There are 2 protein chains.
Amino acid sequence: MSASLPPFPKAGEPSSEPLLLEIASSADEPCLRADAARNRARLLEAAARLVAEHGAAGVTMEAVAAAASVGKGTVFRRFGDRTGLLMALLDHSARQLQAAFLGGPPPLGPGAPPVERLHAFGRAVLRQSSEQLELQLAAQPEPARRFSSPPLRALSGHVTLLLRQAVPDADCVLLAQTLIGYLDPALIHHLTKECGMPLERLEAGWSDLVARVTRTEPPR
Amino acid sequence: MSASLPPFPKAGEPSSEPLLLEIASSADEPCLRADAARNRARLLEAAARLVAEHGAAGVTMEAVAAAASVGKGTVFRRFGDRTGLLMALLDHSARQLQAAFLGGPPPLGPGAPPVERLHAFGRAVLRQSSEQLELQLAAQPEPARRFSSPPLRALSGHVTLLLRQAVPDADCVLLAQTLIGYLDPALIHHLTKECGMPLERLEAGWSDLVARVTRTEPPR
DNA sequence: CAGGCAAACGGACCGCGGTCCAGTTTTCTT
DNA sequence: AAGAAAACTGGACCGCGGTCCGTTTGCCTG
C-alpha cells in the first residue's frame, strides 16, 4: 500500500458532513521543504509536457522522473502513486470549478434556485470533462476507491446539498450519486467517443434527468 | 494490445441494435481443440480456487497458470488478459441473470408491465452484485472500456428496451445508462462497505429512482 | 557558526501483467 | 497411414508501477 506518506496528515476527516463545504482541502500542502517544493513543480511541469507530447499513456513514472531530472522515488514520495500525480495535474481546474459553484456568480453559484443550479452544474461538469477527457480517464483510481477521491466527494456533496433543498424528503445522498454517475468521465467517453453522441445531447439528457429526479409527486 | 487472437473472429458486431437481444454471445467458444478445452477448464477451476483461498487480489496470472500446471502464455492466449479471465469467472452467473430477465417468469421476465420489470431488475442486479462484490470489482476493465463489455451492454440494452415501453418519448439510451450507473459494483461497494448503508436502502433508492425517472409529466 | 535531525533523495530491487516465438501436438487431407 | 497446415504450448523476456533503504540536504537551535 502507498499509505502513510509522512507529510500528508490526511486532514483528519471532519467526522460528520459539514453543512458548508470548505474549499476542499485547501490546506493540502503542509509547507514543503524548499528543494521538495522545487522538485514538485518540476515534476508537474514535466508531467504536463509529457501529456502534451505523448498523451496520457506516455506519462510513465520513470519518464516523468527523468524529464524532471529527479529520482523515481521522489515522484512516489510526492504524489503517492500514478493516480495521485495525474490528479495533481487536474487539481487546478478542479479547484476552479469548485470555486465557481461554491462562491461564483449564479446560476452556478449561490443565489439561483437549487434546480437552476443543478442544471448549470451538469453543464459545467460536462464541458470541463469533455476537454481533459483523456486525463480524466487516466486519473481514475482503481474501482474500489473511485468514489472516495476528494474532488469527487466535493462534487457529490454539493449535489446532495442542492437536492436537499429541491426535494427535501428524498434520499438525497443516493439521488446525488445517481446524478454524479451520469457525469462519470468514463460514461462521457463512451457516449461521445464510442457512440458518437454530440455533447449537446448529453447536456439535454442531464437537464431531462434533473427535471425527472426533482419532480415532487406523480401527476396521478 | 491483446487484439487479434486468431481463434476469436470477434463475432462481427451486429451493426445496429437488434430489437430482440440474443442470449448474449452464446456462440462465444468456436470449438476449441481438445487439449485447449481441457486447459481452459483447468484454468477456470484453478482461478476459482485461488479466489476462494486468497481473495481476488491473489489471482495472479502466474499463480493461476502454475496452479493449473500450464504455461503463462496459455492463460493469456485463452482469456486475453486478466480482466478476461475474471469475467469468464463471472460469466456463469451473468448468463443466468440474463436468462432470467430475458425469458424467466415475471416480474423479472416478460409478462409483467415494464416498470414492474425495472423494479425487479434492479433488485436482482443489486443482490447478485453484492454477493460477488470482490470479483465484480476486480473484473472491472480499464475505465475507457468499462461500458463496452458485452455483459454490461446486455444489461443496458435491456433497460433501454424496458424504458422505451415505459417512457417512449424520452432519450431512453441516456436514461438507461443513468440507471445502470446506479448499479455499478464500484458504487455498491462504496455505499455499502464504506458508507455502511444496508442493501435495503439501496433497493429502496432504486425503486425511488425508477419511479422518478418513469414519471410521465410534472404535476405543475 | 556548528551540529543534529527530520525530511527528502535516488536508484537498486521486486512482482506482475503482457508479449513473443521456437517447438510441440492435434486435426485435416488425400 | 502419412505428412503438412493449423492450433496450441510454455517459459524467457520486457516495461512499468511501486517499495526500500542507505545517503544527502535543508532547516532550526544553541
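No experiment lies behind these values; they were computed from the predicted model shown. Here is how names work: the chains are called A, B, and so on, in the same order as the sequence lines, proteins then strands, and each is numbered from 1. Basis for what follows: all heavy atoms, side chains included, without hydrogens, waters or symmetry-related copies.
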Could you walk me through whether B:T83 and B:Q140 satisfy the side-chain hydrogen bond (donor to acceptor under 3.5 Å, both in side chains) test, starting with their C-alpha distance in whole Å, then the side-chain angles of each, then the deciding distance to 0.1 Å, before giving a yes or no?
CA-CA 7 Å; B:T83 293; B:Q140 205 96 170; over 6 Å; no

If you apply the rule side-chain hydrogen bond (donor to acceptor under 3.5 Å, both in side chains), what do you find for B:Q132 with B:S93, and how did you get there?
CA-CA 10 Å; B:Q132 307 186 337; B:S93 42; 2.7 Å; yes

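A:R82 comes within 4.0 angstrom of sugar-phosphate atoms only, judged by non-hydrogen atoms across all strands, and of no base.
For B:E45 and B:R49, the salt-bridge test fails: no basic side-chain N is under 4.0 Å from an acidic carboxylate O. Between A:E131 and A:R127, none of the side-chain N atoms (NZ, or NE/NH1/NH2) sits under 4.0 Å from a carboxylate O, so this pair counts as no salt bridge. Ion pairing between B:E62 and B:K72 holds under the 4.0 Å rule for side-chain N and carboxylate O.
Taking only side-chain nitrogens and oxygens, B:R78 comes nearer than 4.0 Å to OP1 or OP2 of D:dT9. Within the 4.0 Å cut-off from OP1 or OP2 of D:dT9, at least one side-chain nitrogen or oxygen of B:N39 is found.
Among C:dC9, C:dG18, D:dC16, the nucleotide with an atom closest to any side-chain atom of A:T60 is D:dC16.
With sequence neighbours excluded, the residues satisfying ring pair (Phe, Tyr, Trp, His ring centres under 6.0 Å) with B:H190 are A:F147.
Residues of residues 62-75 of chain A that place a heavy atom closer than 4.0 Å to DNA chain C, in numerical order, are A:V70, A:G71, A:K72, A:G73, A:T74.
Closest-nucleotide positions on DNA chain C for B:M61 and B:D35 were compared, and the one nearer the 5' end corresponds to B:M61.
If you check distances only, the side chain of A:R33 does reach the base of C:dA7 with a donor-acceptor pair under 3.5 Å.
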